[in-house]
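Step one of this worksheet: look at the structure below.
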Amino acid sequence: MCGIVGYLGEKDTKEILLSGLKELEYRGYDSAGIAVLQDGNFNSYKAVGKLVNLEEKTKDFVTDKFAAGIGHTRWATHGKPTELNAHPHVGQSSYVVHNGIIENYATLKKELTSEGVKFLSQTDTEVIVHQFEKNLKKSDSAFEAFTKTVSELEGAYAILLVTKSEDKTIFFAKNGSPMLVGINEENEKYFASSDTPLIGRCSDVNYFEDGDYGFVTKNQLAIFNKKNAKVEPKFTKLSTNKLSAQKDGHRFFMEKEIYEQSTVISDTLLGRLRDSQVLFDEIESSLFDGINEIKLCACGTSYHSALSASYMFERYAKIKTSVEVASEFRYREPVMTQDTLFVVISQSGETADTLETLKMAKRNNLKTLVICNVDNSSMVRLADASILTRAGVEKGVASTKAFATQVTVFWMLSLYVAKLKNSLADAEIARQIKLLRQVPASVKVTDDRHERIKRLSKRYLHGHGFFFIGRDVFFPLALEGALKLKEISYLHAEGYPSGEMKHGPIALADPELFTIALLPQHLLYEKAKSNVEELSARDSTICVISPIVFDKADDFIQTGNHEDYMLEFFEMMVVVQLLSLEISVRLGNDVDMPRNLAKSVTVE
Ligand code: F6R
């Protein structure tokens with residue numbers, strides 16, 4: 001989500017940090033900062049917005065001797081994108097940068113505050129530097145204090161810390177968030193949260209394992225594992241292709257983003273799940289006081305995630321829910337009552353139609369909530385409350401990981417409301433929370449799965465149309481599958497409720513009509529199966545996606561045996577995304593920038 005860099009050596013530290021951050025800017029860019037320790041003195045600069053602002057602020061800052069420097073580009077998770085919330089965070093004589101989320105930050109912060117520590121920011125990260133300095137007072141060395149601090153942190157992190165008490169050292173720790181260190185013959189040490197900043201600067205890199213921590217000095221790289229045993233670095237040669245490194249070696253950003261879903265869903269869950277309770281620090285439960293209905297409003301893919309939410313809100317939270325296409329809603333003079341919570345969903349937070357409906361809701365004095373991927377976007381600023389999806393920057397025009405994180409948030413939110421309204425027993429909420437924890441695994445792409453879809457895609461490059469069909473929450477997924485295919489393959493595709501095909505569209509059925517059928521085993525399997533059989537009897541070409549072998553299909557993609565239909569939902573989501581991708585690739589289209597489309601639609 002965020003990007004971090006570090007450098008220890010004699011070259012121009014400022015230039016190295018800023019150019020490293022530039023390479024990572026695609027990961028997050030609501031603020032950035034650096035801290036450099038040279039000759040025992042710190043200089044630190046921060047700026048809100050894109051990196052050019054930081055470049056401007058540091059233009060007179062000179063780094064021309066040995067230094068230890070750290071830098072960060074931020075994608076806000078805790079606290080608004082302000083200068084105070086930007087990293088590096090400062091203690092009395094140390095600075096820290098961090099990616100990830102410290103789950104127990106509230107407990108640590110309370111303790112530190114009661115001991116007189118003053119916090120400057122709203123971030124979870126700031127506790128790290130204060131906790132370190134507290135430990136430093138009772139330790140024989142900075143490394144001892146750092147080791148103790150790391151052992152006290154829960155959650156996901158990649159951390160770099162510099163301190164005056166050992167001014168020629170950078171301390172690091174990694175757990176759940178990526179980080180690597182690079183070396184070269186000049187004894188320099190480079191850190192980053194992904195390969196790109198290191199390309200051209202060093203030849204050999206070590207990717208840290210979860211639980212690794214340690215320090216670097218000019219002549220040393222000391223790594224300890226989670227059992228506190230010293231380990232040797234495992235160096236590999238660094239690739240030399242920057243674009244490929246930005247795409248993590250994938251052919252397209254969309255492909256990378258499909259593969260990334262497991263990580264960004266984990267990020268979205270982080271700190272929000274307890275055994276039988278979902279927590280959203282960013283909203284007050286009073287938001288739901290007096291609310292008898294939820295109205296969801298969005299466009300495109302976000303509209304599809306809203307549709308899936310409507311099934312979950314009614315099923316789990318037992319609250320009346322309706323869903324609206326924003327461009328329709330804004331002109332149809334809708335009745336808006338004040339017992340309705342108005343929820344807008346948007347990856348960008350800037351989509352003009354959706355933003356306009358939010359303004360309408362505000363004018364009508366409705367309570368408003370936005371589910372959004374971009375903090376400080378227009379919608380986040382306008383709504384009464386916001387929940388961030390933590391998908392990181394989505395570059396592919398066809399949305400994938402944003403959708404995955406939106407559905408994840410909606411599943412959590414429906415359980416949150418179910419708890420408030422007592423509509424599900426604690427044991428059932430606890431069961432579903434266990435399922436939520438399995439979502440990251442259910443969306444992992446295996447080589448076999450990808451290879452199978454790649455092979456199969458060659459049979460779906462023509463025809464007079466596609467129908468993606470599903471029932472219940474798989475209907476919005478069918479809509480989303482069809483939208484993905486339309487957007488990047490330019491083939492005609494529709495999403496349809498399986499049971500509705502016989503009311504008209506079945507007239508189109510022939511071998512050149514391709515049906516992509518979503519057949520989960522845990523939700524209306526027999527009903528949906530009959531609908532597919534009706535199409536099979538009319539000779540439509542059928543590709544079934546299901547854990548249960550279906551012998552009347554022309555093609556079959558077997559999904560895993562999950563214990564709940566929502567896990568089937570997530571796995572099938574990946575299948576339809578990959579299918580669209582591979583069809584588009586075979587047709588020779590520009591996957592990341594399909595014709596006629598823009599990433600953020602800020603006009604009507
Ligand atoms: C589909 C897609 C669009 C967006 C829609 C809403 O892949 O990207 O349909 O989902 O334009 O955008 P946001 O979510 O930014 O409001």
Side-chain angles (χ1 to χ4, degrees), residues 75 252-258 260-261 264 268 296-309 323-330 342-359 361 368-383 386-410 468 476-491 493-495 573-574 576-581 583-584 589-604:
W75 183 260
F252 309 100
F253 280 107
M254 182 187 177
E255 185 179 58
K256 168 181 170 267
E257 286 159 6
I258 293 172
E260 226 172 45
Q261 291 180 117
V264 296
T268 301
L296 303 157
C297 204
C299 302
T301 289
S302 298
Y303 169 72
H304 297 153
S305 81
L307 272 178
S308 73
V323 192
E324 307 271 355
V325 170
S327 56
E328 280 298 305
F329 187 74
R330 58 186 288 195
F342 194 83
V343 184
V344 286
I345 306 92
S346 177
Q347 189 284 125
S348 60
E350 302 296 344
T351 303
D353 285 322
T354 312
L355 183 59
E356 203 46 49
T357 66
L358 180 58
K359 289 181 187 161
T368 56
L369 169 69
V370 57
I371 313 292
C372 191
N373 197 38
V374 182
D375 201 356
N376 220 30
S377 56
S378 302
M379 287 183 218
V380 170
R381 278 182 276 131
L382 190 62
S386 56
I387 297 179
L388 296 180
T389 43
R390 302 177 186 162
V393 180
E394 192 176 58
K395 279 205 143 184
V397 165
S399 181
T400 51
K401 60 176 181 167
F403 176 77
T405 53
Q406 286 169 347
V407 179
T408 305
V409 163
F410 278 130
F468 285 71
L477 183 57
L479 286 170
E480 177 57 10
L483 181 63
K484 288 291 85 82
L485 189 69
K486 275 188 273 226
E487 287 181 294
I488 58 173
S489 74
Y490 320 140
L491 295 168
E494 286 190 56
M573 171 195 77
V574 177
V576 295
Q577 291 168 341
L578 285 173
L579 185 62
S580 302
L581 174 89
I583 290 174
S584 171
N589 298 343
D590 186 338
V591 171
D592 285 332
M593 276 184 273
R595 70 183 185 203
N596 305 339
L597 298 178
K599 185 68 191 159
S600 183
V601 187
T602 51
V603 292
E604 246 195 270

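All ligand and atom numbering here is 1-based and tracks the order in the structure. Given the structure is predicted, the values throughout are model-derived calculations rather than measurements. Numbering of residues begins at 1 and proceeds along the displayed sequence.
For the pair Thr400 and ligand 1, no heavy-atom separation below 4.0 Å is found. Distances from ligand 1 to the non-hydrogen atoms of Glu350 include no value under 4.0 Å.
Those atoms of ligand 1 that come under 4.0 Å of a heavy atom in Val397, given as number and element, are 7 (O), 8 (O). Near Glu487, the atoms of ligand 1 lying under 4.0 angstrom from a non-hydrogen atom of the residue are 1 (C), 2 (C), 7 (O). Distances below 4.0 Å separate heavy atoms of Lys484 from the following atoms of ligand 1: 1 (C), 7 (O). Interface of Ala398 with ligand 1, defined as ligand atoms under 4.0 Å from a residue heavy atom, comprises 7 (O). Heavy-atom proximity to Ser302, at under 4.0 Å, picks out these atoms of ligand 1: 10 (O), 13 (P), 14 (O). Per-residue contacts place Thr301 under 4.0 angstrom from the following atoms of ligand 1 (heavy atoms of the residue considered): 1 (C), 2 (C), 7 (O), 9 (O), 10 (O).
Judged purely by distance below 3.5 Å, without hydrogens or angles, the side chains of Glu480 and Thr301 pair a donor atom with an acceptor atom. Side chain to side chain, Thr400 and Gln261 fail the donor-acceptor criterion of an N or O pair below 3.5 Å.
Residues Val323 and Leu307 form a side-chain contact, since some pair of their non-hydrogen atoms from C-beta on lies under 4.5 Å apart.
How far CG of Leu382 is from OG1 of Thr368: 6.5 Å, rounded to the nearest 0.5 Å.
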Please assess Glu350 against Ser378 for the test side-chain hydrogen bond (donor to acceptor under 3.5 Å, both in side chains), listing each intermediate value before the final yes or no. CA-CA 6 Å; Glu350 302 296 344; Ser378 302; 2.5 Å; yes

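At least one N or O atom of Ser346 sits closer than 3.5 Å to an N or O atom of ligand 1. For a threshold of 3.5 Å applied to N or O pairs, the pair formed by Met379 and ligand 1 contains no separation below that value. Checked by distance only, ligand 1 and Ser399 come closer than 3.5 Å through their nitrogen or oxygen atoms.
Lys395 pairs with exactly one of Glu257, Met593, Lys256 by the side chain to side chain contact (heavy atoms under 4.5 Å, CB included) rule, that one being Glu257.
The shortest heavy-atom contact between Phe410 and Ala309 is CG-CB, 3.3 Å.
Val380 is linked by a side-chain contact (heavy atoms from CB on, under 4.5 Å) to Lys80, Val370, Cys372, Asp375, Ser377, Ser386, Leu388, counting only residues two or more places apart in sequence or in another chain.
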